[in-house]
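Since the structure comes first, as structure tokens, the remarks are kept for the end.
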Amino acid sequence: MAGKRVLVTGGAGFLGSHLCERLLQQGDFVLCVDNFFTGTRRNILHLLDDKRFELMRHDVTFPLYVEVDEIYNLACPASPIHYQFDPVQTTKTSVIGAINMLGLAKRVKAKILQASTSEVYGDPTVHPQPEEYWGNVNPFGIRACYDEGKRCAETLFFDYRRQHNLPIKIVRIFNTYGPRMHPNDGRVVSNFIVQALKGENITVYGDGSQTRSFCYRDDLVEAFLRAMATPREVTGPINIGNPKEFTIRQLAELVIELTASKSKIVEAPLPADDPKQRQPDIQKAKKLLAWTPTTELREGLVKTIAYFEDLLSQEGVNLH
Ligand code: NAD
Ligand code: UDP
Ligand code: UDP
């Protein structure tokens, strides 16, 4: 059904802004709600002239009374630097934000999708991670505000389902990258590209043998749309990510190659609780969403590098 009224919380962020764009392209009306903690107007400037797009500055930890048909709940800082800046606010955003959005969904009878995370698996002891794995999370470490906040949000989604029969969808996102990532948010892909383009040292934390699996943002947004369109009985959680696993050192080498940079790889201390390996088992996404990622890391990195080259060349650009 085109022409739905769709709320995207965190809509001015990296993934949210792409989702807003795709929803507008398919004919929906989009209400983008964001408190601009990590999101920026720059990400959605090009959408502001569209009559079907509306922007509201709002913090999801406060109630929100609007009329919509679908809700994508993405509001939450995603990078360790940002979610650890004010950890109490991070937990509030995930937990109170989820309660408010679920309360809203209940009142207006909207379908609601939660952007959960591979971090619910913590530092996994099962590899690759299927949705049935309950995870290995440190409940009081420096990543807990994010990991436990997201786990509690999943609990709330399922309890609203059980208590109020809400149509819910939960997707667990694995590391995703692409244009419009925040240049200063400390995530590995943006860090390495910016460092390479500036000719600075590439900071590999630890010995770089830890692994991640990187999904290009277009693949991910496609999975969001497919998850929302599933029948009522499909709740998830469903892993979404690219199962091709790379070591962080391999990523650094690839970025140096693709930018033809003279940067050198240096080792820096490994942050606490940094997961050693991460790779999604995407059997469920394949079966339930008929989805599989199609963008190779090399191809996605070329596009992301072009974005950062352009951003860095804009003199005096306000990077926030
Ligand atoms: P992002 O930081 O670019 O986007 C998050 C957005 O939420 C920002 O625009 C921010 O300003 C907004 N926000 C934060 N707190 C808010 C609040 N209290 N009220 C309203 N808005 C608020 O990050 P992203 O990568 O686009 O992530 C989007 C979602 O996907 C997040 O929920 C994140 O946890 C999840 N996710 C992302 C990844 C990834 O690799 N990018 C991986 C796993 C999960
Ligand atoms: N809420 C909201 N928008 C709405 C409806 C509810 O933000 O349109 C918030 C409301 O502030 C409440 C929360 O969602 O605290 C949970 O709502 P619910 O109806 O589930 O619970 P209750 O109101 O009984 O606490
Ligand atoms: N990382 C790194 N150098 C950086 C930034 C991150 O080596 O400049 C490592 C980090 O320690 C982790 C991996 O890259 O092992 C992915 O980090 P990111 O913060 O992007 O995501 P997450 O840890 O949440 O998967």
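When a ligand or atom number is given, it counts from 1 through the structure's own listing order.
- By the criterion of a heavy-atom distance under 4.0 Å, both the backbone and the side chain of Asn35 are placed next to ligand 1.
- Looking only at distances, no side-chain donor or acceptor of Lys169 sits under 3.5 Å from a matching main-chain atom of Gln114.
- The proximity of Arg187 to ligand 1, defined as any non-hydrogen pair under 4.0 Å, is limited to the side chain.
- Within ligand 1, counting atoms from 1 as listed, the ones closer than 4.0 Å to a heavy atom of Tyr146 are 33 (C), 34 (O), 36 (N), 43 (C), 44 (C).
- Atom 27 (O) of ligand 1 has its closest protein heavy atom at Ala78 CB, 3.7 Å.
- Atoms of ligand 1 lying under 4.0 Å from any heavy atom of Lys150, numbered from 1 in the order shown and given with element: 31 (C), 32 (O), 33 (C), 34 (O).
- For Lys4 and Asp28, the salt-bridge test passes: some basic side-chain N is under 4.0 Å from an acidic carboxylate O.
- When the heavy atoms of Gly13, Ala75, Cys76 are ranked by distance to atom 5 (C) of ligand 1, first place goes to Cys76.
- For ligand 2, the atoms lying closer than 4.0 Å to a non-hydrogen atom of Pro63 are 7 (O), 11 (O).
- Of all the atoms in ligand 1, the ones that sit under 4.0 Å from a non-hydrogen atom of Gly39 are 8 (C), 9 (O), 10 (C), 11 (O).
- At the top of the distance list for atom 40 (O) of ligand 1, counting protein heavy atoms only, stands Thr176 N, 2.8 Å.
- Aromatic ring orientation, Tyr160 versus His164: tilted (interplanar angle from 30° to 60°).
- Judged purely by distance below 3.5 Å, without hydrogens or angles, the side chains of Asn242 and Ser213 never pair a donor atom with an acceptor atom.
- Shown in contact with His58 at under 4.0 Å from a heavy atom are these atoms of ligand 1, numbered in order with element: 19 (N), 20 (C).
- Listed by number with element, the atoms of ligand 2 under 4.0 angstrom from any heavy atom of Ile99 are 13 (C), 14 (O), 16 (C).
- When hydrogens are left out, the protein atom nearest atom 18 (N) of ligand 1 is Asp59 OD1, 3.0 Å; that is the closest non-hydrogen contact.
- Every atom of ligand 2 is numbered from 1 in the order shown, and the set under 4.0 Å from a heavy atom of Leu64 is 2 (C), 3 (N), 4 (C), 7 (O), 8 (O).
- When the options Val8, Asn43, Thr38 are ranked by their closest heavy atom to atom 8 (C) of ligand 1, first place goes to Thr38.
- For the 3.5 Å distance criterion, the side chains of Tyr121 and Arg172 qualify, holding a donor opposite an acceptor.
- For the residue pair Gln195 / Thr203, a side-chain donor-acceptor distance below 3.5 Å is found, with atom types taken as modelled.
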Side chain to side chain contact (heavy atoms under 4.5 Å, CB included) between Gln89 and Tyr83: does it pass, once the steps are laid out?
CA-CA 8 Å; Gln89 175 65 16; Tyr83 71 65; over 6 Å; no

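- One hydrophobic cluster, built from ILVMFWY side chains closer than 4.5 Å, cannot hold both Leu74 and Tyr146; they sit in different ones.
- Within the listing of ligand 1, atoms 6 (C), 7 (O), 9 (O), 12 (C) sit less than 4.0 angstrom from a heavy atom of Gly10.
- A side-chain donor-acceptor contact under 3.5 Å links Gln129 and His127.
- For ligand 1, the atoms lying closer than 4.0 Å to a non-hydrogen atom of Leu15 are 26 (O), 30 (O), 37 (C), 41 (N).
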Between Lys109 and Glu67, does a salt bridge (charged side-chain N to carboxylate O under 4.0 Å, His left out) hold up when you go through it step by step?
CA-CA 10 Å; Lys109 301 189 173 39; Glu67 307 304 316; over 6 Å; no

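- Using modelled atom types, one finds no donor on one side chain facing an acceptor on the other under 3.5 Å when comparing Thr211 with Gln277.
- Classification of Glu119 and Arg278 as a salt-bridged pair holds, one side-chain N sitting under 4.0 Å from a carboxylate O.
- Around atom CZ of Arg5, more than 12 heavy atoms belonging to other residues, nucleotides or ligands sit under 6.0 Å away.
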Applying salt bridge (charged side-chain N to carboxylate O under 4.0 Å, His left out) to Arg226 and Glu222, what does each step give before you reach the verdict?
CA-CA 6 Å; Arg226 288 181 186 224; Glu222 176 63 30; 2.7 Å; yes

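- Scanning both residues, Tyr177 and Glu296, for their nearest heavy atoms gives OH-O, 3.8 Å.
- Atom 3 (O) of ligand 1 has Phe14 N, 2.9 Å as its closest protein atom, hydrogens excluded (heavy atom only).
- Among protein heavy atoms, atom 42 (C) of ligand 1 sits closest to Ile173 CG2, 3.5 Å.
- Taking a cutoff of 4.0 Å between a charged side-chain nitrogen and a carboxylate oxygen, Arg41 and Asp34 do not qualify as a salt bridge.
- Nearest to atom 11 (O) of ligand 1 among the protein's heavy atoms is Asp34 OD1, 2.6 Å.
- The distance criterion of under 3.5 Å between nitrogen or oxygen atoms is not met by Gly11 with respect to ligand 1.
- A donor-acceptor contact shorter than 3.5 Å links the side chain of Ser79 to the backbone of Asp185.
- Under a 4.0 Å heavy-atom criterion, Tyr160 is in contact with ligand 2.
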Which pairs of N or O atoms, one from ligand 3 and one from the protein, are separated by less than 3.5 Å, and what is the distance for each pair?
from     : atom 1 : to     : atom 2 : distance (Å)
ligand 3 : 3 (N)  : Thr203 : O      : 2.7
ligand 3 : 7 (O)  : Tyr205 : N      : 2.8
ligand 3 : 8 (O)  : Asn191 : ND2    : 2.7
ligand 3 : 8 (O)  : Thr203 : O      : 3.3
ligand 3 : 8 (O)  : Thr203 : OG1    : 3.1
ligand 3 : 8 (O)  : Tyr205 : OH     : 3.4
ligand 3 : 11 (O) : Asp274 : OD2    : 2.7
ligand 3 : 15 (O) : Gln210 : NE2    : 3.0
ligand 3 : 15 (O) : Arg212 : NH2    : 3.3
ligand 3 : 15 (O) : Asp274 : OD1    : 2.6
ligand 3 : 15 (O) : Asp274 : OD2    : 3.4
ligand 3 : 20 (O) : Val188 : N      : 2.8
ligand 3 : 21 (O) : Asn175 : ND2    : 3.4
ligand 3 : 23 (O) : Arg143 : NH2    : 3.1
ligand 3 : 23 (O) : Arg212 : NH2    : 3.2
ligand 3 : 24 (O) : Arg143 : NH2    : 3.0
ligand 3 : 25 (O) : Asn175 : ND2    : 2.9
ligand 3 : 25 (O) : Arg212 : NE     : 2.7
ligand 3 : 25 (O) : Arg278 : NH1    : 2.6

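- For Ala12, the heavy-atom gap to ligand 1 drops under 4.0 angstrom.
- Under 4.0 Å from ligand 1, the heavy atoms of Ser116 that appear belong solely to its backbone.
- Checked by atom type, the side-chain pair Thr125/Asn136 shows no donor-acceptor distance below 3.5 Å.
- Between Arg151 and Glu148 a salt bridge is recorded (basic side-chain N to carboxylate O distance below 4.0 Å).
- Taking every non-hydrogen atom of Lys106 and a distance limit under 4.0 Å, the qualifying atoms of ligand 2 come out as 18 (P), 19 (O), 20 (O).
- Set against the non-hydrogen atoms of Leu74, the atoms of ligand 1 under 4.0 Å away are 28 (C), 29 (C), 31 (C), 32 (O).
- In Met181, neither the side chain nor the backbone holds a heavy atom less than 4.0 Å from any atom of ligand 1.
- Using a 4.0 Å cut-off to heavy atoms of Phe36, the atoms of ligand 1 that qualify are 11 (O).
- The closest approach between Val60 and ligand 1 falls below 4.0 Å for a heavy atom of the residue.
- A salt bridge does not link Glu200 with Lys262: none of the charged nitrogens is closer than 4.0 Å to a carboxylate oxygen.
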